Amino acid sequence: MTRYTAARTSIRTASIMVIFTLMFTSMMSLTYRATRPAIEASQFAERMRLMNEILPAGAYNNPLLDDYVELGPTPELGLDRGGRIYRARRDGEPVALIIEVVAPDGYAGRIQLAVAIDPTGRVSGVRATNHAETPGLGDYIDPRKDKERARPWINQFTGVSFQEVGEESWRVRRDGGVFDYRIGATISARAVTMATGRAARFALTHHVALFDAKAGSRLGEVTE
Amino acid sequence: MSARLFSFHGGVKPEHHKNESAGSPIRPAPLPTRLIVPLRHNTRAVAVCRVEPGQTVLKGERIGDAEGVLGTAVHAPASGTVVEIREHPMAHPSGLATTCVVIEPDGEERWVPHQPYDHLASDRQSTLNYLRDSGIVGMGGAAFPSHVKLGAGSGIETLVLNGAECEPWITCDDRLMRERAVTIIDGAIILFELIGARRILVGIEDNKPEAIAAMRAAAADCKAPIEVVAVPTRYPAGGEKQLIRVLTGIEIPHGKLGGEYGVQCFNVGTAHAVHRAIRHGEPLLSRVVTLTGNAAQPGNYEVLIGTPIADLLPLMQPKPGTDRYLLGGPMMGFALPDLSVPIVKGSNCIIAASQALFPEPEPELACIRCGECARACPADLQPFELYWYSRSRNFGKAQEYHLFDCIECGCCAFVCPSHIPLVDYYRFAKTEIWARERENTAASQARDRFEFRNYRIEREKAEKAARLAAKAAETKAKLAKTGEPVAIEKGGDDKPAVSSDDPKKALIAAALARAKQQKAEVEARNTTDLPPETAAEIAEIDARRKSLDLSSKATSTASSTPNQASPPSVESKLPQANDAADSTGTAVHVNEERK
Amino acid sequence: MNMRSFRENAYNGLWKQNPGLVQLLGLCPILAISTNMVNAVSLGLATILVMAVANLAIASLRNFIPYEIRIPVFILVIASLVTIVDLSFNAWLHELYLVLGIFIPLIVTNCIVLARVEAYAAKNDPISSTIDGVMMGLGLVWVLAVLGGVRELIGGGTLFSGIDMIFPSLSPIQVFGDGYHDFLIAILPPGAFFALGCLIALFNWINMRAAARAARRPKPVTAVSDAEAASAG
Amino acid sequence: MMTALLIMAGIAVVLGAALGYASIRFKVEGDPLVEKIDAILPQTQCGQCGYPGCKPYAQAIANGEADINQCPPGGEEGIRHLADLLGREFKPLSEEHGVEKPKSVALIDEQTCIGCTLCIQACPVDAIVGAAKQMHTVVEPLCTGCELCIAPCPVDCITMEPVQETVETWKWKYPVIKIKEEA
Amino acid sequence: MIHSPYIRKPASVSSVMLTVLLALIPGIAMYVWQVGAGILVNLLIATIVAVAAEALVLKLRGRPVLLGIGDLSAVVTAWLIVLCFPPIVPWWITVIAVLVAIIAVKHLYGGLGQNPFNPAMVAYCAMIVAYPSLMSQWPPAGGLDFQTQLGLILGGMRDIDAVTAATALDAMRTGLRTGAGTIDAVMTQPTFGTLGGRGYEWIALGYLVGGLILLFRRTITWHMPVAFIVGLASTACLFWLFNPAQFASPLFHLASGGAMLAAFFIVTDPVSGATTPRGKLIFAAGIGILAYLIRAFGAFPEGIAFAVLLMNMCVPLIDMKTQPPVFGQRSRKLP
C-alpha cells in the first residue's frame with residue numbers, strides 16, 4: 001500500500017464521509033416524508049382523546065381542534081412562550097374553554113395541564129399532559145398512574161365551581177383549602193391545585209373576550 | 001535558668017518506671033569468660049578486622065579499622081587472646097549474624113600504651129580522626145559516629161547535651177549524670193571547643209531532679225556558658241530532634257543533621273566517652289547498661305562492649321514469670337531473639353519482661369480513623385494514613401505521606417484504641433521500599449550492562465564487516481588496475497554494513513579496518529563463531545591448545561571494552577547510577593540518636 | 001454461518017459478555033428506564049432492532065469505511081437507523097410509541113450499539129454480526145427485565161404496570177396488595193444503582209461458583225454447555 | 001430537505017477532511033508500552049522466556065506475540081504487575097518456561113576452573129571477569145542469577161548459590177493480624 | 001512476634017463507643033420526658049436488630065463475631081438512627097433502616113472503619129426518600145400517650161395524619177412557602193416553642209449536655225462541634241440579617257431539627273469524617289453551611305443528613321489537602 005500524504009488522505013476521507021452522509025441522510029428524509037401523514041393523523045387522534053377525557057364527547061359539536069386562539073406569553077397561566085385556548089361550542093353557543101396551563105412549582109419542575117372550564121367557572125375536567133413528578137410518589141396527578149383507580153385524585157376537580165369554592169379555599173387541605181392531597185407528596189398536589197385555580201380564574205375573567213375572538217387569531221394582551 | 005522552652009507536637013506520657021533502677025549506683029559488671037565484639041556497628045558500617053585468631057591483644061588495642069564514611073574503629077575491651085573470628089548473632093531484631101571477634105580475656109587487664117590527647121594543640125581533622133579511631137559513637141542507641149556529627153556544618157551556635165532519657169525504665173544516663181557529672185561536663189566542653197559553639201544547653205527531663213542538681217553543680221564550677229535545663233517529662237522528649245526543638249525551637253527536617261541548622265546534639269554518655277578518650281586516651285570499651293524489669297535486683301552496670309547478655313542476667317536476678325528480654329526501652333526496643341548476643345555501644349538497657357509488665361496486646365481491630373495517633377505523633381505525621389497505605393502495600397502513597405519522616409517512636413501504637421501495631425506496618429513498609437529500591441537499582445544496572453554488551457557485540461560485528469569491506473576495497477583497487485570494475489562494484493554493494501555511497505564513511509571504515517587489521521593479524525579470525533558449537537569437543541580434545549586459541553580472543557574482548565570509541569551514554573550512565581543509589585541509601589539510613 | 005459460532009454468539013451476548021452486567025455499557029438508559037418492567041423490556045426490544053440493523057449495515061459496508069473516519073460513520077449510521085425506527089414507530093405503531101417515545105432517541109446514546117459495531121460488526125461478516133446484535137440485545141433485555149421487575153416490585157409492589165397501554169386486555173399485577181408501603185427509593189435513581197450493583201454481584205457469584213465447581217470436576221466444562229445452561233436459566 | 005442534505009454534507013466534508021489530516025499528522029511514533037513492560041521485567045536477561053533478553057520479551061508482549069506468564073525470575077508478582085499494566089487476567093507461571101526460584105548468584109569453584117572464558121562470553125551482563133587460563137570470578141553484585149553461564153562450562157565448576165539474607169537486606173515481616181476469638 | 005512498643009495506653013474502641021452511648025442518655029431522657037416513651041421501643045428494636053445484623057454479617061464474612069459486636073459501634077449506629085427518626089415511626093422502618101446502615105453501608109464497604117459514608121445518615125436519607133410521608137410524621141410534644149405511640153409504632157393505627165404535626169422546620173418552611181406571612185406570624189403556631197420546636201428544644205438541650213460530656217472526656221475534639229455550629233449559625237445569621245421576615249434566626253436553626261444531635265454525635269463520627277485538625281474544621285463547617293442551604297432552599301425540611309453525606313464524599317480530598325506540615329517542614333524554621 002502506498003503512503004498517503006495528509007492532503008490526499010483528507011480528500012479521500014472527506015469524500016467517503018460525504019457519500020455516507022448523503023446516503024443515510026436521504027434515507028432519513030425519505031422515511032420522514034413517508035411517515036408524516038400517518039404521524040400527523042396519530043397526533044390528531046391523540047389530542048382528541050385527551051380533549052374528550054376532560055370534555056364529554058357529546059357536549060360540543062364544533063371542530064374543537066380548529067377553534068382556538070393563540071395566547072402570547074401569559075405569566076398568570078405560567079405560559080412563558082404563549083399557548084393555545086380551545087373553545088368548545090354546541091350549536092354556536094359557548095360550552096367550555098380548554099386552557100393549557102403550566103404549574104411551574106411541581107416537585108420535579110413544570111407540570112403541564114389541560115383544564116376545561118365552562119364560562120361560569122365550573123371545571124369540567126383536568127389532565128396533566130406533561131410532567132416529571134417522582135414515579136410512585138407524585139405521579140398520581142396522572143390518572144393512569146394513580147393507584148386509586150376507582151377514584152383518581154385529579155377527578156376531584158371535575159364539576160367544582162371556582163366561584164362557589166372561592167379563591168381563598170382553592171388550596172389543598174394542608175394549606176387550609178378544600179382539596180385532598182396524598183401524604184408525602186403535597187407539593188405535586190399543591191402545584192396542580194393552584195394552577196387549576198389560576199386557569200379557572202382566568203377563564204372566568206376573560207371568557208367573553210376569549211369566545212369572541214376570531215378562530216386562530218392571536219391575542220396579545222388579554223384585557224377585560 | 002530563664003531559657004524559654006518550646007514544645008513539640010504530640011508525645012505521650014507512659015508510666016516512667018524509673019524508680020526500680022534509678023536508686024542503685026553504677027557497678028562494674030564482672031569480666032565475662034568470653035567477649036564477642038561485633039565488627040559491625042549498625043546496618044551500614046562495618047569495621048575491617050586487623051587481628052587473627054590466636055593473636056594476643058591488650059585492653060584497648062585496636063582490632064578493627066574504620067572503613068567508609070560512617071565507620072569507626074573497634075577495640076579489644078579486655079586483654080586476652082583472640083579465639084576465633086566468626087559469624088555471631090548481633091543485637092538486631094532480625095537476630096541475624098555478623099562477623100565478630102571472640103576474645104578470651106586473661107583477666108590481667110593489661111592496657112595498651114595510651115596517653116591523653118591534646119585536642120587544642122592539634123588541628124580539627126586529626127582530632128576527628130582520633131575520635132574515629134577511639135571508636136566514639138553516639139551512646140543514645142543509634143551508634144551514629146560522633147566524628148561525622150562533629151565534622152558536619154560550621155558556625156554552630158548551640159551544643160545540646162541530651163540527658164532527657166525519656167523512655168520508661170531506662171536510668172543509665174540518669175545514674176551517669178548523678179555520679180559523673182564533672183566528667184560529662186568536661187566531655188561536653190571538649191565537644192564545645194571542637195565545634196566552636198557559643199553555648200551548651202543540657203536538656204534533662206524534670207523527673208530526674210538529682211541528675212539536674214548534680215549537673216548544675218558541675219556546670220557551675222566551670223567557665224563555659226553551660227545551662228542545664230529541665231524539660232517537661234514527655235516521651236519522646238529525648239529524641240534528638242525533639243530535644244533540639246524543645247530547647248532551641250529549631251526543627252530539623254528528616255534526613256538533615258543538626259549542623260546545617262546551627263545546632264548539634266550529643267548524648268551525655270557520648271560526652272563521657274569523649275572525656276575518657278581525650279583526657280585519658282582510652283578508647284570506648286564499656287558503657288553503662290540498665291538492668292531492670294521483672295527482676296529482684298535491678299540496677300546499673302558498667303559493662304564491657306562484647307559482653308554476652310546472658311552473662312549479665314544473673315546480676316539482676318530475673319523473677320519468675322520473665323518470658324523474654326527486651327533490649328532498649330519498651331517503646332523502641334526489641335525482644336532479644338537470642339541471649340548470646342553481645343552488648344554493643346548503643347545498648348542502653350535490658351528489661352526482663354513478663355506478661356504482668358508487658359502484656360500481650362489485645363487483638364487488633366479495624367482503624368476507625370479517630371486521629372489519636374496523629375495527635376500523639378511527634379513528627380506531625382498522619383499515622384493512620386501511613387498505616388492504610390503500608391497495609392495495602394501502596395508504598396508510593398506511603399512515601400507521599402512522608403513515611404520516612406517516621407522515627408518509629410511508637411507513640412501512635414501506644415495510644416491506638418484499636419490496638420493496631422502501627423509501627424510494625426511502617427517498619428515493614430520501610431524495609432520493603434528499601435528492598436525494592438535495591439532491586440530496581442540492580443535491574444537498571446543489569447539493563448544498562450546488557451544493552452552495553454549488545455552494543456559491544458554489534459560494534460564488533462560491524463568492525464569485522466568493515467574489515468572485510470576494506471579488504472574487498474583493496475581487492476577492488478587491485479582489480480581495477482587489472483580492469484574489471486563492474487564485478488567489483490557489485491561485490492561492494494553486497495556488504496550492507498558499510499554504505500559505500502558515502503565516501504567519508506568509507507574512508508573511516510577503511511581506516512578503522514586498517515587499524516583493526518593490524519591488531520587482528522595475530523588473532524584467530526573465527527573465534528566468534530567457534531565457542532558454542534565446538535566447545536565441548538575442544539575441551540575434551542586439547543585443553544591446552546584451545547586455551548591458547550581463545551586467549552587471544554579473550555584479551556581482545558577485554559581490551560576492546562574500555563579503550564575504544566565511547567558508546568552512547570551507557571558508560572557514562574553506569575557510575576552515576578551507582579552513586580545515586582548510594583546517596584539515596586545513605587539518606588534513608590541515617591538514624592537518629594535517641595534513647 | 002454454522003451452529004457453533006451461533007452458540008458462541010449467543011453465549012457471549014446472553015451471559016459471558018453481557019452488555020448490562022459485564023461490559024457495563026449503556027448504563028444511562030439501563031438505569032433511567034428500568035423503573036418498571038414494561039418500559040425496560042420495550043426499550044430493550046427497540047434496542048435489539050437497532051443493534052441488529054446497525055450491525056448488519058456496518059458489516060455489509062465495512063470494507064468501504066476507512067479507519068480514520070469509522071467512528072463518525074458508525075454514529076451516522078446508528079443515528080439514522082434510530083431516527084428511522086423512531087419515525088416508523090410513531091407512524092405505524094403509535095400505541096407503542098406513546099410508551100417508548102422518549103426512550104427511542106436515547107438508543108443513539110447507548111454505547112452498547114456503538115461498541116458492538118466497533119468491536120464486532122466492523123470485523124465480521126453480516127450474518128454473524130446480525131446475530132451478535134440480536135444476542136447482545138437479548139442479553140440487555142433480560143437484564144433490563146430483571147432490573148425493571150425488581151425495582152417495580154420493591155418500589156411499588158406491582159409487576160407489569162403500564163402493560164395495558166400496549167395490550168389493553170392485560171392489566172398490571174398488584175403483588176403485595178394495597179397495604180404495601182411503596183419503597184420509593186427503589187424506583188428513584190439511587191435504587192437503579194443499588195439494584196444493578198446487587199445484580200452484578202449475584203452474576204459474579206454465580207460465575208465464581210460455576211468456576212469453583214468446574215475446578216472441582218475432573219472434566220472441564222465446555223463453553224457450549226455453559227451457554228446452554230445460561231440460556232436455559 | 002435539500003438544505004438538510006447540504007448542511008449534513010458540509011459537516012461531513014469538514015469532519016472527514018479534519019480526521020484524515022489528523023490521522024497522518026498526529027500519528028504517534030514509537031511504543032512507550034514496551035518501556036513500561038521492560039520496567040516491570042526483572043532484567044535478569046536469562047532468556048527463559050524464549051527471547052534473547054528482557055527487552056525483546058517486552059517487545060514481544062507489546063506486540064501480542066508472547067504471553068505475560070513466561071518470566072520465571074519475575075515470578076507471580078511480576079505477572080501480576082504485567083496483568084495490571086496490560087489489563088489482562090492473571091495467569092500462573094507457564095511451566096514450560098521454568099519455575100520461580102529464590103534469587104541466587106553464580107559461584108565459580110576456583111579449584112576446578114580451567115579459565116576457558118566460555119562463561120564470560122555467555123554472561124549477558126558482563127558480570128564475570130577473568131582472562132584465558134586465569135581463574136574466573138563472578139562479580140557478585142552484578143550477577144543477575146540467569147544461569148546462562150552454567151551450561152557452557154566444560155568442567156561444571158559453576159554453581160548457583162541462593163543469596164543469603166544479611167542485616168542490610170533483612171526485611172520486617174508484614175504484621176500478621178491476630179484475630180483472637182474471646183470467650 | 002510482638003514488637004515495640006510493648007506498653008500501651010488502656011484505651012479501646014469499645015470504651016469510646018460506650019462513652020458516646022452514655023452521652024446520648026441526657027438527650028434520650030429529655031425525649032422521654034417531653035415527647036413520650038415511644039422512642040424507647042424503637043431504640044430497643046433498633047439495638048436488637050443492629051446487633052443481630054452485625055453478628056450475622058460478621059459470621060458470613062468469617063470474622064470473629066464477639067469481637068465485632070463488642071466494639072459497640074453497631075449499637076451507636078442504631079441509636080443514632082432512631083434518634084434522627086420520628087419517634088413514632090413504624091417498627092419496620094426502623095428495622096429496614098438499621099439493616100441498610102449495618103449491612104449495606106457498613107459491611108458492604110468492608111466493615112467498621114472502611115465505610116466512606118455515615119451509616120446512620122445514609123439510613124436516614126434512604127428512608128426519607130423511600131417513605132417520605134411516614135418519615136415526616138412527628139408527634140407533638142406531650143400530645144400522645146404511650147399507648148397511642150405504641151399503637152403507631154407496632155402498626156395498629158392507620159390514621160396517622162390526625163395525631164401528628166409538622167416539625168418546627170417543616171412548619172416554618174410550609175408557612176413561608178404558602179405565603180402565610182412572616183417568621184413572626186408562623187412562629188405563633190402551636191408547634192413552636194421559645195426557640196425551636198415546642199418540647200424538642202429541650203431535647204436539643206439534652207444533646208448539648210451529652211456533647212459537653214464527650215468534649216470533657218476528650219472523646220471528641222472541639223473542632224467539629226464548633227465548626228458545625230459556627231457554620232450553621234453564621235450562614236443563618238447572614239440570611240437573617242438580610243431579611244429577618246423571611247429567614248429564621250440562627251438560634252431557631254440551632255435549636256430545631258437535629259442540629260445539636262448532629263453537632264456532637266453525627267458530624268463527629270471519626271470513620272466517615274475528616275481527621276486532620278484543619279480538615280475537621282472544613283468538614284464540619286461545610287456540613288453546617290450545606291445543612292442550612294438545604295433547609296432553606298431544598299426539597300426537604302431537614303438537610304443535615306444530606307449535608308453530611310455530601311461532605312463525606314469530600315473527606316478524602318479534604319484530608320489530603322489539609323495535612324499538617326510534618327516535623328521540620330514548617331515554613332518557620334526559627335521561632
Side-chain angles (χ1 to χ4, degrees), chain B residues 6 8-9 12 14-15 93 168 241-242 245 248-254 256 261 326 328-335 353 357-358 360-363 365-372 374-375 378-382 384-385 401-402 405 408 410-411 413-419 421 423-424 427, chain E residues 1-17 63-64 66-68 70-71 73 76 106 110-116 218-221 223-224 268-277 279-280 315-316 319-320 322-335:
Chain B
F6 300 86
F8 63 92
H9 175 266
V12 293
E15 284 179 52
K241 288 175 178 175
Q242 277 67 32
R245 162 82 191 156
T248 66
I250 297 169
E251 283 190 9
I252 298 159
H254 163 70
K256 296 276 167 59
Y261 296 84
L326 310 182
M331 295 299 283
M332 290 187 69
F334 55 91
L357 291 173
F358 306 104
E360 288 251 323
E362 285 177 56
L365 298 175
C367 168
I368 56 167
R369 295 173 66 87
C370 63
E372 278 297 325
R375 252 170 279 162
D380 297 86
L381 299 170
Q382 301 290 301
F384 55 94
E385 303 277 16
Y401 278 87
H402 310 285
D405 282 51
E408 299 178 25
C411 288
F414 178 79
V415 298
C416 180
S418 292
H419 318 296
V423 188
D424 285 5
R427 291 172 181 139
Chain E
M1 186 82 184
I2 300 152
H3 303 292
S4 64
Y6 293 92
I7 46 176
R8 283 161 181 278
K9 204 168 147 183
S12 68
V13 175
S14 50
S15 67
V16 172
M17 296 291 174
R63 302 292 162 100
L66 284 173
L67 205 61
D71 65 29
S73 62
V76 171
K106 191 164 140 191
L112 181 66
Q114 320 254 339
N115 46 306
R218 289 172 184 269
T219 307
I220 56 174
T221 60
H223 303 82
M224 295 235 211
T268 52
D269 170 41
V271 175
S272 56
T275 311
T276 63
K280 281 178 176 174
V315 162
D319 268 351
M320 195 175 80
T322 58
Q323 277 187 75
V326 301
F327 187 88
Q329 301 292 331
R330 262 175 277 257
S331 48
R332 54 182 172 83
K333 288 220 175 68
L334 291 163

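A note on names: the letters A, B, ... follow the listed sequences, proteins ahead of strands, and every chain is numbered from 1. The structure presented is a predicted model; accordingly, all values stated were derived computationally and were not measured.
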Chain E shares the most heavy-atom pairs under 4.5 Å, among B/Cys367, B/Gly371, B/Ala353, with B/Cys367
Using heavy-atom distances under 4.5 Å, tell me whether E/Thr221 contacts chain B through its side chain, its backbone, both, or neither. side chain
For chain E, the option from B/Leu381, B/Leu326, B/Leu365 that forms the most heavy-atom pairs under 4.5 Å: B/Leu326
Non-neighbouring partners of B/Arg375 that pass side-chain hydrogen bond (donor to acceptor under 3.5 Å, both in side chains), sequence neighbours left out: B/Glu372
Find the distance between OG1 (E/Thr275) and CZ (B/Arg369) and round it off to the nearest 0.5 Å. 4.0 Å
If you count heavy-atom pairs under 4.5 Å with chain B, which of E/Arg8, E/Lys280, E/Met320, E/Lys9 comes out on top? E/Arg8
Select, from B/Cys411, B/Cys416, B/Gly333, B/Ala374, the one with the greatest count of heavy-atom pairs under 4.5 Å involving chain E. B/Gly333
Is any side-chain heavy atom of E/Ser4 closer than 4.5 Å to a side-chain heavy atom of B/Val423? no
Any side-chain heavy atom of B/Tyr401 sitting closer than 4.5 Å to one from E/Gln323? yes
Per-residue tally against chain E (heavy atom, under 4.5 Å) across B/Gly329, B/Pro330, B/Pro14 peaks at B/Pro330
Proximity breakdown for B/Pro168 and chain E, heavy-atom pairs closer than 4.5 Å: side chain
Hey, does B/Lys241 have a side-chain heavy atom less than 4.5 Å from the side chain of B/Phe8? no
Side-chain heavy atoms of B/Pro361 within contact of B/Pro421, under 4.5 Å: no
At a 4.5 Å cut-off on heavy atoms, which part of B/Glu385 comes close to chain E: side chain, backbone, both, or neither? side chain
Partner set under side-chain contact (heavy atoms from CB on, under 4.5 Å) for E/Ser73, not counting sequence neighbours: E/Met17, E/Asp71, E/Lys106, E/Leu112
Where does B/His419 contact chain E at under 4.5 Å (heavy atoms): side chain, backbone, both or neither? both
